[in-house]
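Read through the structure below, which is laid out as structure tokens, and then see the notes.
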Number of protein chains: 2
Amino acid sequence: MSISSRFSVGVHILSLLEIDKSETKSSEFIAGSVNTNPAVIRKIMGMLKNAGLVNVRPGVAGAELAKNLNEITLLDVYKAVNVVQENELFSVHDHPNPECRVGRNIQETIIPILSIAQSALEKALSNVTIADVVKDIEEKEKRNSK
Amino acid sequence: MSISSRFSVGVHILSLLEIDKSETKSSEFIAGSVNTNPAVIRKIMGMLKNAGLVNVRPGVAGAELAKNLNEITLLDVYKAVNVVQENELFSVHDHPNPECRVGRNIQETIIPILSIAQSALEKALSNVTIADVVKDIEEKEKRNSK
DNA sequence: TTACATGTAATTAAAATGATTACAAGTAAA
DNA sequence: TTTACTTGTAATCATTTTAATTACATGTAA
């Protein structure tokens, strides 16, 4: 199955906070850009806020980035929005038969291997910052406006 | 969300085919080791068979590996059991607002980035073979029998 | 022919997602 | 202090996926 789009929405939100300075960023405005319901945005915003990535105040429209663009990696966002529990990208069948040579060892064997794969994924995400995403979006804008 | 345990079950099955040569491998026997229903095993076996990893014949108990242990990588299993569609490990929100600078570019920007991360994951899986897993299981067996 | 196996479809309960509605509580300006 | 608007958050809902289960047609070998 796929990793929840909360992640891509999170990246969308953070990019939007940087790129479009012309409007006050209410959850409704952001929802208009993402094309979803404001309550969905508020929930994700709450997660980003918890992770220290954005500043939002109850009752006040106008979310802002809480860090520099180049200090927020996609891994930060990924962890913030909780799309994958710690070390649980892969689920492993539980209760394999302990009376079987394979059954009683498979978990202990496979979990570290899967963990390495998961780390490789996360490493790749940590190599990209919101600054990179913003830059990329701006380049595409230029190219298309010609 | 997590990647289906079909994957870890697939690895379990292939390891079992190699390690335990004492019994004929019916879906029922394998199900006993994995601790699930035989029909689940048969479904996964069908996928492994489709991918050319095992030999099974309708009506005949006794599945076998179709390749050398060290020629089957975890990536092969991962792809065989179809836990993640091609390039869809991450789902990306669709229909972002085309009238927004971010909305109209976010997908094109983010998809290649996520694809790189997914490739990193798959690369890590391709570095491990069933032979490695089997060896690891056997080592754990020895250690525990002392 | 008998006994048992695989292949496969249908059904089910549980869990997660994303959308939606609703409303309490916070804030700022008139 | 009232008004208008916003965030925070809970509850509900349809949809989708998983894994388990049941059932049975079909294949195979003794």
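Remember, it's a predicted structure, so these values are computed and weren't measured experimentally.
Rounded to whole Å, atom C1' of dT6(D) lies 16 Å from atom CD of Glu23(A). Ile44(B) places its CD1 atom 14 Å from the C1' atom of dG7(C), with the value rounded to the nearest Å. Between Leu48(B) atom CG and dG7(C) atom P the separation is 11 Å, expressed in whole Å. As rounded to whole Å, 16 Å separates atom P of dT17(C) from atom CG of Asp94(B). When the P atom of dA19(D) is taken as reference, atom NE2 of His12(B) falls 15 Å away, rounded to whole Å. Following rounding to the nearest Å, Ile41(A) (CD1) and dT6(D) (C1') show an atom-to-atom distance of 15 Å. Computed from coordinates, the Ile30(B) CD1 to dA5(C) C1' distance equals 12 Å when rounded to whole Å. Nucleotide dA5(C) holds its C1' atom 8 Å from the CZ atom of Arg42(B), rounded to whole Å.
For Arg57(A), a side-chain nitrogen or oxygen approaches OP1 or OP2 of dA28(C) to under 4.0 Å. Not one side-chain nitrogen or oxygen of Ser27(B) sits closer than 4.0 Å to the OP1 or OP2 atom of dA5(C). For the pair Lys49(B) and dT6(C), the criterion of a side-chain N or O lying under 4.0 Å from OP1 or OP2 is not met. OP1 or OP2 of dA19(D) has at least one side-chain nitrogen or oxygen of Ser5(B) nearer than 4.0 Å. At the phosphate of dA19(D), OP1 or OP2 sits under 4.0 Å from a side-chain N or O atom of Ser4(B).
Using a 4.0 Å heavy-atom distance criterion, Val40(A) is classed as a base contact.
Comparing atom distances between the Ala61(B) side chain and each of dT7(D), dT6(C), dT8(C) picks out dT6(C) as nearest. In this structure, of dT6(C), dA19(D), dG8(D), it is dT6(C) that holds the atom nearest to the side chain of Ser26(B). For Ala39(B), whose side chain is taken as the heavy atoms from C-beta onward, the closest listed nucleotide among dT7(D), dA10(D), dT8(C) is dT8(C).
Ring geometry, Phe90(A) versus Tyr78(B): the interplanar angle exceeds 60°, so the pair is classed perpendicular (tilted spans 30 to 60°).
Toward the 5′ end of DNA chain C lies the nearest nucleotide of Lys43(B), the other residue of the pair Thr36(A) and Lys43(B) mapping further downstream. If you find the closest nucleotide of DNA chain C to Ala63(B) and to Pro58(A), the one lying nearer the 5' end belongs to Ala63(B).
In this structure a side-chain-to-backbone donor-acceptor pair under 3.5 Å is missing from Ser115(B) to Ile111(B).
At a threshold of 4.0 Å, the pair Lys25(A)-Glu64(A) does not count as salt-bridged, since none of the basic side-chain nitrogens sits closer than that to a carboxylate oxygen.
From Lys123(B), atom NZ reaches atom OG1 of Thr73(B) across 11.5 Å, with rounding to the nearest 0.5 Å. Expressed to the nearest 0.5 Å, how far CG of Leu14(B) lies from CD1 of Ile130(B) amounts to 4.5 Å.
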